[in-house]
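So you know, we letter chains A, B, ... as the sequences are listed, proteins then strands, and number each from 1. Atoms considered below: every heavy atom in the structure, side chains included; atoms not considered: hydrogens, waters and symmetry mates.
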Number of protein chains: 2
Amino acid sequence: MEALPNPPARIADVAARAGVGIATVSRVVNDRGNVAAPTRERVLEAIRALEYRPSSVAQNLSLKRTLVIGVVLPFLTEASPIERVRGIVTALASSPYDLALYDVESADRQQRAFRLLADAHRTDGLLVVSLIPPDEEVRRLRAESIPCVLIDARHDGLPSVVIDDIAGGELATRHLLELGHRRIAFIGDKPADPFRFQSSRDRTIGYERALESAGVPIRPEYVREGTQSRYLARSIADELLRLPEPPTAVFAASDIQALGVLEAARGLGVDVPTQLSVIGFDDIEIASYVGLTTVHQRLFESGRRGAELLLLALAGEPAPSRVEMLPVDLVVRRTSGPPPR
Amino acid sequence: MEALPNPPARIADVAARAGVGIATVSRVVNDRGNVAAPTRERVLEAIRALEYRPSSVAQNLSLKRTLVIGVVLPFLTEASPIERVRGIVTALASSPYDLALYDVESADRQQRAFRLLADAHRTDGLLVVSLIPPDEEVRRLRAESIPCVLIDARHDGLPSVVIDDIAGGELATRHLLELGHRRIAFIGDKPADPFRFQSSRDRTIGYERALESAGVPIRPEYVREGTQSRYLARSIADELLRLPEPPTAVFAASDIQALGVLEAARGLGVDVPTQLSVIGFDDIEIASYVGLTTVHQRLFESGRRGAELLLLALAGEPAPSRVEMLPVDLVVRRTSGPPPR
DNA sequence: TTGAAAGCGATACCAG
DNA sequence: CTGGTATCGCTTTCAA
């Protein structure tokens, strides 16, 4: 249990002790053939004695690869990105790659993350989640042929894994329509949100499309694109429910927002689902606990699949397709039902 | 948007273009003084033109530091480790360090993780969560003076951040006692679990201690140390509730297990809290959604604090104390109440 | 103020 | 089979 007094052994130390050249040590360490058994034994003995372990940093420089995959993503503190990371971790577990996380909370941090990553070969490959990398960086990535896969985001030059948000929006809205609802409100993100980009917007489109094809007119006062926070969603829902003609159902663009809606309903004594139906989007873990009806998007799967595609690219195989669309499905639980009569 | 045809520029390219030596370029890049203004300008111009960015891999080798902090932890797929990671990410956000995650699901993966990390200077520092590193590795870490902080784990040679599990166990049990319960069961982890080590065991001790000082005898059939899974906890709770003299309250060593208990109760038509009180431990996010009474352990804070200590050590300042104990507190929600009469 | 050259710790080519 | 040596890209003395 006492500390070694010496600094870590280098390959030269091993070579010296074994009385061989460093090339031979390298061969033994990397299991390249062409080393006589007795020599190999001497080297191994020296390695053991000196507790030698190759410096990966030096290996990186020499081999021009790091065995590290960088994951850039915003809002690691929220539930959905975490699900995606789980998928990524799972896919990477059986690979030789390690994972470096770059959380992107603030704008400057974001810039730095991309900067770091484009930094030639700090990582062997990149997974960018819910974020659109600047054209500038994309160009560099390609120039240096660093493989990069987007998850929950799109960019012309890059392969990506996304879900069909429009279909999801339609699915949710159709569910409510089929239950008999006609006064269906929508709560979504700010359209300009640089992070979640098109997702919420596409869900709105799905919502509108479903209403149209059911012949239900879209009422502007029911379409509220505010923010992804639970608290703001709550206050928006509060307003909606106090409308002279309140909606009988609310479709929220995320479960987090749906939870805010549930809170608002509880606060006003509006019973769910008899007086108000609520449907979310994402199917985060909490959704199942509170019985939230929602659109399941395969968060875990998106991470897993994205990582898989990246591993393929890293292995030199070309990505099967540019944009891979993951299906969504409706999960009916306890917050949706027929409208009150 | 078209790709650069050339490989990334190296420092020598910049030097050549600016007509200076590489040393000068290095000075400019790293903002070391002693560069004449016109020279500096020429260099900056060359950097811009070539889109030069220093290779961090090469810098690592030269400087013997990586600006990466390694985080080793098991079960990233569960809620509590995630909370801790959030705390770590937060603390690291304002530092120059990046974060490399090593998830340790399986035993071999675990070995590999420690191996990688002890690997001289792949990371500048280590955060080990809910895991006890082998003595062997600890020795190496110290020998190579790589700072390492334990979170939710202890080891003689290393500073650590833990919570007071015994106090937590007492707190939970006392809460139930004060409500009037006398038949209080305990569901904990397998004592031999190599991952969660002492935590659950200590909570048991707290439980026993509280009962003792209240003069309530400990009934062996009420103390069930099984597993941390929700499903197994559910079936254990099921058994407990079918006992001729079932407990009126269950203290689970984790919220996950408590959720299993709640499921068992629901399955048997036992109402919570009128017929059965349930208290968990951890206060994971879901707890607040299902109204679970629990012992809040500062998961986020443990990560934050651990990272903070590591940053201090990295900055050369000595750790304030060897073992830092985070307080716990009772969060009373809707699953605990007086026992049925 | 500047540049040549010596590390940093590996890999791998090329002779021997 | 084995060893010397160039190389990876940067930082940092040491002289000029």
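Evaluation of the salt bridge (charged side-chain N to carboxylate O under 4.0 Å, His left out) rule for A/Arg42 yields no partner, not counting sequence neighbours. Listed by chain and number, the residues in a side chain to side chain donor-acceptor pair (under 3.5 Å) with B/Asp156 amount to none (sequence neighbours excluded). Remark: B/Asn34 pairs with no residue by the side chain to side chain donor-acceptor pair (under 3.5 Å) rule, at least two apart or across chains. For A/Ser302, the side chain to side chain donor-acceptor pair (under 3.5 Å) partners are A/Arg84, not counting sequence neighbours. Under the salt bridge (charged side-chain N to carboxylate O under 4.0 Å, His left out) criterion, A/Arg32 pairs with no residue at all, not counting sequence neighbours. Legend: residues meeting side chain to side chain donor-acceptor pair (under 3.5 Å) with A/Ser26, ordered by chain and number and at least two apart, are A/Asn30. When the salt bridge (charged side-chain N to carboxylate O under 4.0 Å, His left out) test is applied to A/Arg27, no partner is found at least two apart in sequence or on another chain. Listed by chain and residue number, A/Arg304, A/Arg305 satisfy the salt bridge (charged side-chain N to carboxylate O under 4.0 Å, His left out) test with A/Glu308 (two or more places apart in sequence, or in another chain).
Counting only N and O atoms by type, the side chains of A/Ser56 and B/Arg122 include a donor and acceptor under 3.5 Å apart.
Map A/Tyr52 and B/Arg42 each onto its nearest nucleotide of DNA chain C; the residue landing nearer the 5' end is B/Arg42. Across the interface with DNA chain D, nearest-nucleotide mapping of B/Leu61 and A/Ala36 shows A/Ala36 to be the residue nearer the 5′ end.
Heavy-atom contacts of chain B under 4.0 Å fall on DNA chain D between two terminal nucleotides, which in 5' to 3' order are D/dG9 to D/dT13. With a cutoff of under 4.0 Å to any heavy atom of chain B, the contacted region of DNA chain C is bounded 5' to 3' by C/dT1 to C/dG9.
Of the residues in residues 16-27 of chain A, those lying under 4.0 Å from DNA chain D by heavy-atom distance are A/Gly19, A/Val20, A/Gly21, A/Ile22, A/Ala23, A/Thr24, A/Arg27.
Using a 4.0 Å cut-off between charged nitrogen and carboxylate oxygen, B/Arg40 and B/Glu45 do not count as a salt-bridge pair.
B/Asn30 comes within 4.0 angstrom of the backbone, heavy atoms only, and of no base.
Recorded end-axis angle for the helix from C/dT1-D/dA16 to C/dG16-D/dC1 stands at 40°, based on five pairs per end and rounded to 10 degrees.
Between B/Leu99 atom CG and B/Leu127 atom CG the span is 8.0 Å, to the nearest 0.5 Å. Taking OG of A/Ser145 as the start and CZ of A/Arg140 as the end, the distance is 12.5 Å to the nearest 0.5 Å.
Contact check for B/Val149 versus B/Leu126: no side-chain heavy atoms found under the 4.5 Å cut-off.
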